[in-house]
Amino acid sequence: MSFPTMAGRALAATALLAICPMSCAAARSTIVLDRQGGALHFSDMPAPAPQIMRRLARAERWHGSRFLGWLPGGAMLIGVHDGGRHMLGQITSPGSMPATLAAPPGRIPWAIGPRVGTRLLYAQRSTRGTVWHVIGRHAVAHTLVSGQPVIGLPVWSTHGRRIAFLGATPDGDREAVYVADAAGGGVARLVVGGLAGRWRLLDWSRGGRHVLLKNDVGPGDESLYLGRIADGQLRRLPIPAARIRSARFAPGGAAIDFVSNQDGQYERLLQLDEASGRVRALSARASWSVGPFAASPNGRYIAYTLDDDGHSILHVVNRRLQLDVAVPWRRHEGVIDNLQFDSGHRLGFTFESGWQPPEAYVYDVRSGLIRRWTRGTPGSRATSAPVTGRLVHYPTWDRVDGHWRMLSAYVYLPPGPGPAPVLIVLHAGAAGQFRPRWRPFLQFVTNDLGYAVIAPNVRGSSGYGRAFRALADGPHRTDALRDIGALMVWIGLQPGFDVHRIVVMGRGYGGWLAVNALALFDGHLLGAIDIDGIANLADYVAHGPKSQRQFRAARFGDPQDPQTAEFLRRISPIGNVRRIVRPILIVQGLAGGGARAADARQLAYLLRFYGDRVELLTAANASSDFTPRADRRAYRAAIAQFLLALKSKTAK
């Protein structure tokens, strides 16, 4: 499926805008009204009703805790969300009150404790991006590194005195591994440099001589490397290039445990013996992929999860006896993350679901008991309980072995009689996946706005095998749009949904899908919500960060080739504005500038030039995420107001 060429019209409109920026407003019958709210700019957007703001505030008053690791002495490190406030704390037993370790403004997405020592490393998300801090004795914190973004997660040395992290080289063209003193006061030292492309720092060896790195060349073309701290030498490990989800040094340091699909369609847990170069399987072959894993420090146990159509299945293996331990809580309707053993036989993890906020749990391998250590609440709901996402499967447009290909989706139904209007939520990332996690805003959309929410995993999504993930690569990118069309057909056959009231919403790559779906199925949709979407695929690949360009070119196509560049523009929203006549809400962060932000504003201008209704919300202090609490509420209120305005309309 392809779009008709709109490049000529788009270029003509762009030239006209350059001459007279207000011509797009003049082409419409109404005047574009703008207003400013702090760092937020609202263009042609009505102010949200006070009732929406009150309901949003009520929906945000949920409490939950994430397991982040074990601290020396057996205490548990947790990240607490309490009604919009974030805190880093520790607890010593199930149900005990957490002792506060840090409570900075903004969110705390991650925290890492060393294997030994009293220091703690945590990330704080603010308008400046993600900044890492080290907490020392007496709870005094200092910044890990000033003026230099940290790429991915840092790692601790064995003795907890040094921290390694990935950052850009001084010229900004490549990436490098740096080492900083955990006590602070010094300058981070570059130890492994000249890393061209997309890299990720995974682990630090027990002896402190090597760091473990992953290099992503393209989809399914990933390799592991050892970087020597002493002289910066890189050595590629002898495993075939494949998709590698994660890896770390095994207990004892003579092997490396990693998750890869090198021997089949799905990712398995494998182990590489460094001395012999042999690879052996640690998990049984299954029709689902392995997710997070953790090994006990003594090497006796290894735990991992299987991604069973979005739900997590917990497995624990006794490596000495080569036996699968019978876990009493093997499969629940939710997601398990952040696995980590303490110094003995206790496995900590986070569990969350569509109806339960994230909470910390501990599985004692010896006793066989699973206990919940924290207990939160899903928020202040005056009318109804949280809605549980229901897993469904629907047929799409092509066949596999003579049968219709079936795709998975999660459905959240609002209380009350139907048929209900539908919000289709498209996940971020071309290889992302929608899983049944705790999403308070989707609860608000169903309970308070009365929409049914359907979140499909269209072709290209992770979790369903190597072949499925590659179905939308390169020239087959628009096949994922046909999956959305098949979902709309399925919606029309279900009694609980109103097929004439469907809205699409997506973030990032999901935003690209949402706007293109509006162009392709315009007569059957009410509107679209584009959050930090990709308005121009050619610009997204050609003008992205240098470390990402090779990977993006392998996934979407190389715009250096003229024919590929024309194809990418033809299937981009900015090349199909003439086909869109329904309302659209565009949400975009402007911090850092770049082609993505410029393309989003150009998309809004072009749509207005052709007379379309466009609401544009931009944030000068955000890139892809609205960090300040007030900004997040304003952006969610804008979405809610947009959905309420469309609820009374029909696509007939």
task: List the steps and the verdict of salt bridge (charged side-chain N to carboxylate O under 4.0 Å, His left out) for R243 and D221.
output: CA-CA 6 Å; R243 185 170 192 259; D221 187 5; over 6 Å; no
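- The closest donor-acceptor contact from the side chain of D308 to the backbone of H311 lies at 3.5 Å or more, if one exists at all.
- Electrostatic pairing of D337 and R437 counts as a salt bridge here, judged by a charged N lying under 4.0 Å from a carboxylate O.
- Remark: the S461 side chain and the H427 side chain contain an N/O donor-acceptor pair separated by less than 3.5 Å.
- Using a distance-only test at 3.5 Å, with no hydrogens or angles considered, a donor-acceptor pair links the side chain of W156 to the main chain of I112.
- Between Y464 and W288, the ring planes lie perpendicular to each other; the angle is over 60°, past the 30° to 60° tilted range.
- A donor-acceptor pair under 3.5 Å links the side-chain atoms of Y178 to the main chain of A168, judged by distance alone.
- The shortest non-hydrogen separation linking Y122 to A141 is OH-CB, 4.4 Å.
- Evaluation of the side chain to side chain donor-acceptor pair (under 3.5 Å) rule for T100 yields no partner, not counting sequence neighbours.
- R439 forms no cation-pi arrangement with Y412, by the criterion of a distance under 6.0 Å to the ring centre and an angle within 45° of the ring axis.
- Counting heavy atoms from C-beta outward, Y225 and K214 have side chains that stay 4.5 Å or more apart.
- Formation of a donor-acceptor pair under 3.5 Å by the S353 side chain with backbone atoms of G334 is not found in this model.
- For the atom pair CG (L101) and CD (Q90), the distance works out to 5.0 Å, reported to the nearest 0.5 Å.
- Residues W204 and I163 fail the side-chain proximity criterion, which asks for heavy atoms closer than 4.5 Å.
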query: Would R435 and D307 count as a salt bridge (charged side-chain N to carboxylate O under 4.0 Å, His left out) if you check the C-alpha gap in whole Å, the side-chain angles of each, and the deciding distance to 0.1 Å?
result: CA-CA 9 Å; R435 304 188 68 187; D307 178 356; 3.8 Å; yes
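- For the pair L144 and A180, the tightest heavy-atom approach, listed with the atom from each and the gap, is CD1-CB, 4.0 Å.
- Not counting sequence neighbours, E175 has no partner by the salt bridge (Lys or Arg N to Asp or Glu O under 4.0 Å) test.
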- request: Evaluate salt bridge (charged side-chain N to carboxylate O under 4.0 Å, His left out) for R66 paired with E359, printing each intermediate quantity in order.
  value: CA-CA 5 Å; R66 293 188 179 276; E359 298 296 347; over 6 Å; no
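- Between W70 and M76, some side-chain heavy-atom pair lies under the 4.5 Å cut-off.
- Within the structure, every pair that satisfies the salt bridge (charged side-chain N to carboxylate O under 4.0 Å, His left out) test and touches residues 192-211, not counting sequence neighbours, is listed here: R115-D203, R198-D216, D203-R206.
- Using a 4.5 Å cut-off on side-chain heavy atoms (C-beta onward), H86 and V80 make no contact.
- If you check the side chains of Q271 and D257, you find a donor sitting under 3.5 Å from an acceptor.
- Nearest approach of A247 to F258, heavy atoms of both residues: CB-CB, 3.5 Å.
- Between Y363 and V325, the shortest heavy-atom distance links the atoms OH-CG1, 3.4 Å.
- Sequence neighbours left out, not one pair with a member in residues 144-153 passes salt bridge (charged side-chain N to carboxylate O under 4.0 Å, His left out).
- Distance check, rounded to the nearest 0.5 Å: CG of L212 to CG of L202 gives 5.0 Å.
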- prompt: Going through the distances and angles, do R236 and S223 end up as a side-chain hydrogen bond (donor to acceptor under 3.5 Å, both in side chains)?
  reply: CA-CA 7 Å; R236 180 173 174 174; S223 304; 2.9 Å; yes
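- Distance CG/L426 to CG/D530: 11.0 Å, rounded to 0.5 Å.
- Between Y301 and F341, the ring-plane angle classifies as parallel under the 30° and 60° cut-offs.
- Note: L226 CG to F249 CZ = 5.0 Å, rounded to the nearest 0.5 Å.
- A donor-acceptor pair under 3.5 Å links the side-chain atoms of T350 to the main chain of F67, judged by distance alone.
- No donor-acceptor distance shorter than 3.5 angstrom exists from the side chain of E267 to the backbone of G291, with no hydrogens or angles considered.
- With hydrogens and angles ignored, the 3.5 Å screen pairs no side-chain donor or acceptor of R245 with any backbone N or O of R268.
- Judged as a salt bridge (Lys or Arg N to Asp or Glu O under 4.0 Å), and not counting sequence neighbours, the contacts of R636 are E60.
- Ring centers of W512 and Y540: at least 6.0 Å apart, outside the cut-off.
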task: Would you please test V317 and L282 for side-chain contact (heavy atoms from CB on, under 4.5 Å) and show each step?
output: CA-CA 8 Å; V317 177; L282 299 179; over 6 Å; no
query: Should V150 and T130 be marked as a side-chain contact (heavy atoms from CB on, under 4.5 Å) after you check the CA-CA gap, both sets of side-chain angles, and the distance that decides it?
result: CA-CA 8 Å; V150 175; T130 301; over 6 Å; no
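- With sequence neighbours left out, R189 forms a salt bridge (Lys or Arg N to Asp or Glu O under 4.0 Å) with no residue at all.
- L234 CG to H210 NE2: the interatomic distance, rounded to the nearest 0.5 Å, is 10.0 Å.
- Two residues are said to be in side-chain contact when any heavy atoms from C-beta on lie closer than 4.5 Å; Y635 and D631 fail this criterion.
- Not a single donor-acceptor pair under 3.5 Å links the side chain of Q340 to the backbone N or O of G348.
- By the 30° and 60° cut-offs, the orientation of the rings of F349 relative to Y361 is parallel.
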message: H81 vs S65, test: side-chain hydrogen bond (donor to acceptor under 3.5 Å, both in side chains). Steps then yes/no.
response: CA-CA 6 Å; H81 178 284; S65 302; over 6 Å; no
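- Taking the side chain as every heavy atom from C-beta outward, W62 and P378 never approach each other to under 4.5 Å.
- Residues L40 and L617 form a side-chain contact, since some pair of their non-hydrogen atoms from C-beta on lies under 4.5 Å apart.
- E222 places a side-chain N or O within donor-acceptor distance of the main-chain N or O of I244, the cut-off being under 3.5 Å.
- Side-chain contact between V259 and L270: absent, with no pair of heavy atoms (C-beta onward) separated by less than 4.5 Å.
- Contact record, F165 with A188: CZ-CB, 3.8 Å, taken as the closest heavy-atom pair.
- One distance of note links CD1 of I529 with CZ of R507; it measures 11.5 Å at 0.5 Å rounding.
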- request: Could you go through the side-chain contact (heavy atoms from CB on, under 4.5 Å) check for I78 and L68 one step at a time?
  value: CA-CA 5 Å; I78 58 172; L68 297 177; 5.7 Å; no
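- Checked against L195 for a side chain to side chain contact (heavy atoms under 4.5 Å, CB included), the options L201, V177, N215 give a single hit: V177.
- Here the closest heavy-atom approach between residue I108 and residue L88 is recorded as CD1-N, 3.8 Å.
- When atom types are taken as modelled, the side chain of Q443 and the backbone of G354 share a donor-acceptor pair closer than 3.5 angstrom.
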